[in-house]
Amino acid sequence: MKLSRYLRDFARSAGLLLCGTSAFVLSPMAWGQEQVGRTQASGLWSDGNWSNLNGGFSPPGAADTAYIGSFDGTFGWSADASVNLDSDAQVSGVILGDGTSYGILTIDAGAKLVTGSMFIQSGSGLNVNGALEFSNALYVGGGTINQNGDMFGSTLNLGWANEAATFHRTGGILYLADSLNLQHGSNFTLTSLDTLTTANVYSGSTLTIDSKPVMTNLYLNSNSTLVLNDNIETWNLSLDNATLTRNNGATFSTENLSVTGMNYDLNGTDAISGSVTITGGSLTVSTPTYVPGSIRAFQSTVDLNALTSTSFLQLSDSTTNIEGTLDFTGGTLSTDGGTINQNADIVGGAMNLGTGTGGTVLNRMSGSIAVTDLSLSASSLTLSAGDSAETISIYSGSNLTVNDAMQIGGLTVGESTLVLNDTLTMSNYASLYDATVIRNNGAGLVTSDLSASSMDFELGGADMVSNSITFGTGTLVVSAATTIAGNLGASQAVVNLNADFSAFNVTLGDTTLNVNANLQAVNVMVNGGEVFQNGNISGSNLWLGFAGDATGFQRVSGTVSVNQLTVGGGSSLNLTGDDSMLNLVLFDDSLVTFQQLNGQMTGLDLDLLSINSAANLHVLFGNVSGDGLDWGLRLSGNQGMLLTEMLNDGRLTSDWIEAAIVYDTNAYGNYTYFGAVTAVPEPSSLVLIAGCFSFAALRRRRAGVC
């Protein structure tokens, strides 16, 4: 391989190496200023048989790159050369051979060479009988190193330039501040005296460890071989399509183990204190095993044949056979695709099936599931007696079947199917979105708080919600008598109350409410939408159009019995003599029509009436009998001024032209009536108020009525 022109331009930084009993320091040297080549085929480093590009003759200095063995005739350098270093020397770099010619350098015992980088090419060789120190890297491609002295440096690359290197060691130690790299069928043996950070073994190379060296990371790839003749300790050990050969009962201890394209058995022989990763192979746990960090499997087969404990188990497109208990208490089981075949118990923290783009199939033959949080995405699972979870969440087309009665903390179902063959009880919440809930065998859904949207849901006889219901975009049907302590809220939905329903608050926005039974609540607040009444509505407050949107109110049957009725947002409501309330408040351009029942001579009996300038209360009298005071509205106290103002500006209207304001405490008590006396008593006892009572009106306004 002819690389001389490239190598002549090579000038890398180098350094001084200070050696002690356990460490050395490399000090940066100056960049190479000159290429100096050997002119005689053999001799000593210290002789004058060297030439540089400027025509001078002297051995290479600290700032030079020394060439030993070059193209015949190039700058007068010898094509093949062999040099002995018999005393200490320092250069920026050394290049032995050029792929066609060869160079041999021998460092004699007692001598030391300090350099930045060194290249040894095919056919060339380095004999280290003294000491070699290289601050950067030593590259060996197709060449040979015979080590009998100590070597100190940063990186040793054997098999450089796609050619296997040969390394013979009869003595000395190897200290690398960085890495040992073996490529293209190169071989190397480490001993307990050697020190390095990382060993990388590639493409059919072999690393043999005779006794435990000091090292941090060990990576074997591409059909390489690791031969253990003694125990080793590493931080990271990676075996990628590699061969592991153990002699003398050798084991390894590592923080993290990564295995690719191979079969590996966690059988207690080796100690893993952190994590295990398997890719494209098989992992077997044959004895009880604890992996503190994690077990990760990618496109692999995992056989858990014994108790397996870990804090995190990740299974991606893998087949996992659980024959021994799987325990990830306080941790997580996460899957993306693949299959789990369960024949033993699963216990732990969060169990997430189908976290990525692929769902996971869990085939359950035996064993229970007891986890803190269970989550399914595009996956299917059946729970039975003995299983438990604090929360369950299913998404993205998942299917969860509950065969036996079960109690959990919370439930979330999104775009998935929940099949209940027995009652499922939630102590906290049930949240349903675009979900299908199928109940068989009289099974029920029991929860404290129910939230559902983008779906239809029936609250049936076996169901129970104790606190609150929130519903949106769909149809909620209450088919069994239900009482909740909190609120019913619905938005852009249809709510069919086909059975008696009681709540603290009922708040509806843009919703159709069909009251086909009795509705009782402290507050019923409706904004927009429509109400169709076929049952009784009772409570403290009924407020229509509370946020400014008109509510249509169609009354077929039933009564309204509330403490206060508030109508706003342009809403309209028809009242009859069967309805009752203490306060009536109208605002915006809303309309309330009161129809006095036929044969009755009474109407709305109020403590307070407030009508703003755009609203209207229209009183319809029944068949006026002519036997005394016939009234459609009365207010407690003297409210003549208030009612007169309402009549004068059209806020209070009626269909009876003779209706007026009546206030006579002697005859009718301390009430102000809107009506007329058709059988007039003595004039002194009747006062028909046609105008405005300024003093009374002023007092009433201050009281907040007008």
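Quick caveat: nothing in here was measured; it's all calculated off a predicted structure.
- Of the residues listed (Thr360, Thr332, Asp336), the one engaging Asn352 in a side chain to side chain contact (heavy atoms under 4.5 Å, CB included) is Thr332, and it is the only one.
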Check against side-chain hydrogen bond (donor to acceptor under 3.5 Å, both in side chains), Asp607 and Asn583: CA-CA 6 Å; Asp607 288 340; Asn583 304 320; over 6 Å; no
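- With no hydrogens or angles considered, a side-chain donor-acceptor pair links Thr559 and Asn536 at under 3.5 Å.
- Between the side chain of Thr473 and the backbone N or O of Ser454, no donor-acceptor pair lies under 3.5 Å.
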Candidate pair Ser396 and Glu415, rule side-chain hydrogen bond (donor to acceptor under 3.5 Å, both in side chains), full reasoning: CA-CA 5 Å; Ser396 306; Glu415 299 177 322; 5.0 Å; no
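- Proximity of a side-chain donor or acceptor of Thr551 to a complementary backbone N or O of Leu544 within less than 3.5 Å is not detected.
- Salt bridge absent: Arg555 and Asp578 never bring a charged side-chain N and a carboxylate O closer than 4.0 Å.
- Taking all atoms of both residues into account, the shortest heavy-atom contact from Met601 to Leu629 is CE-O, 3.4 Å.
- Side-chain contact check for Ser479 and Glu458: at least one donor-acceptor pair (N or O, by modelled atom type) lies under 3.5 Å.
- No donor-acceptor pair closer than 3.5 Å links the side chain of Asp510 to the backbone N or O of Gly528.
- Counting only distance, with no hydrogens or angles, the side chain of Thr511 and the backbone of Gly509 share a donor-acceptor pair below 3.5 Å.
- Using bins of under 30°, 30° to 60° and over 60° for the plane-to-plane angle, the ring pair Trp543/Phe546 lands in the perpendicular bin.
- Considering every non-hydrogen atom in both Leu609 and Leu642, the closest pair reads O-CD2, 3.9 Å.
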Chi angles and distances behind the side-chain hydrogen bond (donor to acceptor under 3.5 Å, both in side chains) call for Gln564, Thr566: CA-CA 6 Å; Gln564 177 164 314; Thr566 303; 3.1 Å; yes
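- Thr412 and Ser431 are not linked by any side-chain donor-acceptor pair at a separation below 3.5 angstrom, with hydrogens and angles left out of the test.
- Heavy atoms of other residues, nucleotides or ligands lying less than 6.0 angstrom from CZ of Phe504 number 12 at most.
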Step-by-step side-chain hydrogen bond (donor to acceptor under 3.5 Å, both in side chains) determination, Ser571 to Ser590: CA-CA 5 Å; Ser571 303; Ser590 300; 4.9 Å; no
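- Rounding to the nearest 0.5 Å gives a distance of 8.5 Å between CZ of Phe621 and CZ of Phe594.
- The two residues Ser557 and Asn534 come nearest to each other via the heavy atoms OG-O, 3.1 Å.
- No side-chain N or O of His618 forms a donor-acceptor pair with one of Thr593 less than 3.5 Å apart.
- Ser294 is linked by a side chain to side chain contact (heavy atoms under 4.5 Å, CB included) to Ser275, Arg296, Phe312, counting only residues two or more places apart in sequence or in another chain.
- Under a 3.5 Å cut-off, the side chain of Asn498 and the backbone N or O of Asn516 do not form any donor-acceptor pair.
- For the residue pair Tyr663/Asn670, the side-chain donor-acceptor check at 3.5 Å is satisfied.
- Using modelled atom types and a 3.5 Å distance limit, the side chains of Thr355 and Ser334 yield a donor-acceptor pair.
- The minimum heavy-atom distance between Asn616 and Ile611, with the atom names listed, is N-CG2, 4.0 Å.
- In this structure, the side chain of Thr644 engages the main chain of Gly640 through a donor-acceptor pair within 3.5 Å.
- Put simply, the side chain of Ser377 gets close to the backbone of Gly354: a donor and an acceptor are under 3.5 Å apart.
- In the model, Asp449 has a side-chain atom that pairs as donor or acceptor with a side-chain atom of Ser468 under 3.5 Å.
- Every residue two or more places apart in sequence or in another chain that forms a side chain to side chain contact (heavy atoms under 4.5 Å, CB included) with Gln600 is listed here: Gln596, Leu597, Thr602.
- A cation-pi arrangement is present between Arg634 and Tyr671 under the rule of less than 6.0 angstrom and at most 45 degrees off the ring axis.
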Step-by-step side chain to side chain contact (heavy atoms under 4.5 Å, CB included) determination, Leu519 to Val506: CA-CA 9 Å; Leu519 169 61; Val506 175; 4.1 Å; yes
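- Look at Asp387 and Arg364 and you find a salt bridge, because one of the NZ, NE, NH1 or NH2 atoms lies within 4.0 Å of a carboxylate O, short of that distance.
- Environment of CD in Gln407: crowded, with over 12 heavy atoms of neighbouring residues, nucleotides or ligands closer than 6.0 Å.
- With hydrogens and angles left out, the side-chain atoms of Thr329 and Asp327 include a donor and acceptor closer than 3.5 Å.
- Residues Ala490 and Ala493 share a closest heavy-atom pair of CB-CB, 4.4 Å.
- The environment of CE in Met581 is crowded: more than 12 heavy-atom neighbours from other residues, nucleotides or ligands sit within 6.0 Å.
- Closest non-hydrogen pair, Gly650 versus Thr653, comes out as O-CG2, 3.6 Å.
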